[in-house]
Amino acid sequence: MVDSTSRALLPADQARNMAFDKILHKNSSASQGGLRAMINKDNEAHKAAVVEYFQHWDDKKAEDETEAVRQSRVIDYASLTRQYYNLATDLYEYGWGEAFHFCRFAYGEAFKSAVNRHEHYLASSIGIKPGMRVLDVGCGVGGPAREIVKFTGCHVTGLNINNYQISRAKQYAVKEGLTHKLDFVQGDFMNLPFPDDSFDAVYVIEATVHAPSLESAYREIFRVLKPGGVFGVYEWFMTDAYNNDDLAHRQIRLDIEQGDGIAQMLKVEDGLAAIQAAGFTLETHYDLAEDDSNDTSVAPWYWPLGTDLRYAQSLSDVLTVLRMNRFGRVVSHAFIFILELLQIAPAGTGKTAESLAKAADALVEGGKKKLFTPMYLMVGRKPEF
Ligand SMILES: CC(C)=CCC[C@@H](C)[C@H]1CC[C@H]2C3=C(CC[C@]12C)[C@@]1(C)CC[C@H](O)C[C@@H]1CC3
């Protein structure tokens with residue numbers, strides 16, 4: 001269910017979007033790695049995606065922000081999210097890997113291990129067991145779903161609004177011989193294409209922040225979950241320390257929203273109200289970012305995007321993080337602008353990279369000031385009766 005003002009995807013939209021996405025991405029969903037995929041696009045379709053996405057943001061500053069501007073993004077959440085991932089997916093894969101989420105870092109822990117541990121933590125928090133049927137809402141290119149299947153022995157269905165991410169997720173599943181344990185379905189989480197009571201467990205990793213109404217998104221999850229089933233989510237929120245009347249705070253929120261395809265980011269209290277209003281019995285909730293935030297021997301969640309290389313654990317970590325952090329971004333984004341100038345990368349790739357970089361700075365700033373968290377854990381159960 002979507003509130004009546006939001007423009008949800010209708011079957012006719014789905015067919016039109018599918019046709020557009022096929023033209024835009026050509027055969028790049030089969031390309032190895034983000035960089036190769038990035039240079040294999042249709043230029044005109046890419047330009048159209050850039051216009052459609054950035055119309056919501058160009059020239060919008062924190063001081064001019066009105067409720068009407070925010071509402072227009074909420075109404076258009078489906079197109080905004082789909083086009084954002086049409087533009088950002090290859091950059092994500094190039095810079096971050098196949099699991100599109102943040103994580104905590106334990107002392108001495110390498111990037112990849114920390115990413116996987118974050119996924120395992122959610123899987124065990126919601127009690128996923130071998131043979132269970134589990135739904136991953138907003139599955140990206142399926143990195144977490146593949147890991148959770150290997151970790152628990154369950155079956156995961158991944159759902160995503162973006163056709164391109166679904167194609168890539170399907171190809172990775174084939175490559176890793178996991179097709180008997182994984183399904184990937186294109187769809188809108190505001191209108192889940194599954195019957196009531198279909199899944200033993202549902203998880204969301206940093207995805208429902210794109211929803212026009214968190215309560216309605218959680219209600220859909222409640223509907224498809226079996227009675228007694230458990231739902232776990234790592235949610236993006238502004239914290240209690242965030243003050244919307246403070247322009248500097250507001251600019252941080254706006255930069256995160258623009259660079260991460262988010263129509264409106266909410267506060268923790270809104271999320272807690274939403275999950276309970278959707279019908280869940282809230283079993284646990286806390287901010288994982290707060291857990292280690294006073295331990296200076298442990299790297300903060302945002303470190304790979306910042307300037308601090310001392311947390312890298314190996315040469316491989318240094319090379320990985322150099323694609324993400326502030327220094328690496330300057331070099332790789334200059335390279336991307338050159339590729340665009342030479343018409344190797346499609347028009348608007350540089351603009352997208354710039355917008356991601358702006359968001360990365362705001363995420364670091366928001367993390368340092370504790371105004372924002374990308375890992376507020378909520379676990380809720382659907383009552384038996
Ligand atoms: C958007 C949501 C809800 C979740 C995605 C979280 C993260 C995986 C992304 C948030 C900011 C992204 C950036 C990159 C990768 C993916 C994120 C960390 C880059 C490092 C990709 C390579 C570019 O050159 C710079 C990007 C900065 C932001």
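Worth saying up front: this structure is predicted, and the values here are computed from it rather than measured. If you read the sequence from its start, that first residue is 1, and numbering goes on from there.
- Asn17 and Gln14 share no side-chain donor-acceptor pair at under 3.5 Å.
- Panel note: side chain Lys181, backbone Gly153; a donor-acceptor pair is recorded below 3.5 Å.
- Side-chain atoms of Asp42 and His25 form no donor-acceptor pair, as typed in the model, at a separation below 3.5 Å.
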>> Let's go through Phe231 and Tyr203 carefully: what are the C-alpha distance in whole Å and the side-chain angles of both, what is the deciding distance for ring pair (Phe, Tyr, Trp, His ring centres under 6.0 Å) to 0.1 Å, and is it a yes or a no?
In response: CA-CA 6 Å; Phe231 164 49; Tyr203 67 86; 9.6 Å; no
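- Taking the six-membered ring for Trp and thresholds of 30 and 60 degrees, His210 and Tyr84 have ring planes inclined between 30 and 60 degrees apart.
- Within 6.0 Å of NZ in Lys175 there are 12 or fewer heavy atoms belonging to other residues, nucleotides or ligands.
- Taking the six-membered ring for Trp and the full ring otherwise, the centers of Phe111 and Trp303 sit at least 6.0 Å from each other.
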>> Determine whether Phe194 and Phe199 satisfy the following criterion, ring pair (Phe, Tyr, Trp, His ring centres under 6.0 Å), listing intermediate values before the conclusion.
In response: CA-CA 9 Å; Phe194 308 109; Phe199 297 97; 5.2 Å; yes
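- No side-chain N or O of Thr349 forms a donor-acceptor pair with one of Glu340 less than 3.5 Å apart.
- Of all heavy-atom pairs between Phe151 and Ala123, the closest is CD2-CB, 4.2 Å.
- In this structure, Leu254 and Ala62 approach most closely via the heavy-atom pair CD2-N, 3.5 Å.
- His56 and Gln258 share no donor-acceptor pair across their side chains, judged by distance under 3.5 Å alone.
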> Are Glu63 and Arg250 close enough, and set up right, to give a salt bridge (Lys or Arg N to Asp or Glu O under 4.0 Å), and what steps lead you there?
Replying inline: CA-CA 8 Å; Glu63 55 266 40; Arg250 215 192 289 172; over 6 Å; no
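- Closest of all the heavy-atom pairs between Leu356 and Gly259 is CD2-O, 3.2 Å.
- Ile338 and Ile39 fall within a single hydrophobic cluster, where Ile, Leu, Val, Met, Phe, Trp and Tyr are joined by side-chain heavy atoms under 4.5 Å apart, directly or via other members.
- Cation-pi geometry between Lys351 and Phe54 is satisfied (NZ or CZ under 6.0 Å from the ring centre, within 45° of the ring normal).
- Remark: Arg82 fails to qualify as a cation-pi partner of Tyr164 under the 6.0 Å distance and 45° angle criteria applied to the six-membered ring.
- Remark: Lys368 does not engage Glu365 in a salt bridge, criterion side-chain N to carboxylate O under 4.0 Å.
- Between Lys226 and Asp200 there is a salt bridge, since a side-chain N of the basic residue sits under 4.0 Å from a carboxylate O of the acidic one.
- Under the 4.5 Å side-chain heavy-atom criterion for Ile, Leu, Val, Met, Phe, Trp and Tyr, Phe184 and Met18 are members of distinct hydrophobic clusters.
- In the hydrophobic clustering of this structure, Leu24 does not group with Leu80; members are Ile, Leu, Val, Met, Phe, Trp, Tyr whose side-chain heavy atoms approach within less than 4.5 Å, directly or through other members.
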> Is there a side-chain contact (heavy atoms from CB on, under 4.5 Å) between Tyr376 and Tyr234 once you walk through the steps?
Replying inline: CA-CA 5 Å; Tyr376 197 92; Tyr234 287 142; over 6 Å; no
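- Both cation-pi conditions hold for Lys382 and Phe222: the charged atom is under 6.0 angstrom from the six-membered ring centre and inside a 45 degree cone around its axis.
- In this structure, Arg168 does not pair ionically with Glu98, as no charged nitrogen and carboxylate oxygen lie closer than 4.0 Å.
- The minimum heavy-atom distance linking Leu305 with Met324 is given by the pair CD2-O, 3.8 Å.
- Of all the heavy atoms in Ala347 and Asn43, the pair that sits closest is N-OD1, 2.7 Å.
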> Stepwise, does the side-chain contact (heavy atoms from CB on, under 4.5 Å) test hold for Asn160 with Gln186?
Replying inline: CA-CA 5 Å; Asn160 200 297; Gln186 190 277 333; over 6 Å; no
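- By the 4.0 Å N-to-carboxylate-O rule, Asp361 lies close enough to Arg326 to be salt-bridged with it.
- Between the side chains of Asp188 and Tyr77, at least one donor N or O sits under 3.5 Å from an acceptor N or O.
- Between Asn27 and Asn40, the side chains place a donor N or O and an acceptor N or O closer than 3.5 Å (distance only, hydrogens not considered).
- Using a 4.0 Å cut-off between charged nitrogen and carboxylate oxygen, Asp13 and Arg16 count as a salt-bridge pair.
- Taking the six-membered ring for Trp and thresholds of 30 and 60 degrees, Trp236 and Phe372 have ring planes more than 60 degrees apart, a perpendicular arrangement.
- The existence of a salt bridge linking Glu109 and Arg104 is excluded, since no basic side-chain nitrogen approaches an acidic carboxylate oxygen closer than 4.0 Å.
- A donor-acceptor contact under 3.5 angstrom links the side chains of Tyr242 and Arg253, judged on distance only.
- Closest heavy-atom contact between Tyr172 and Val141: CD1-O, 3.6 Å.
- Under the 4.0 Å criterion applied to side-chain N and carboxylate O atoms, Asp90 and Lys41 are assigned as salt-bridge partners.
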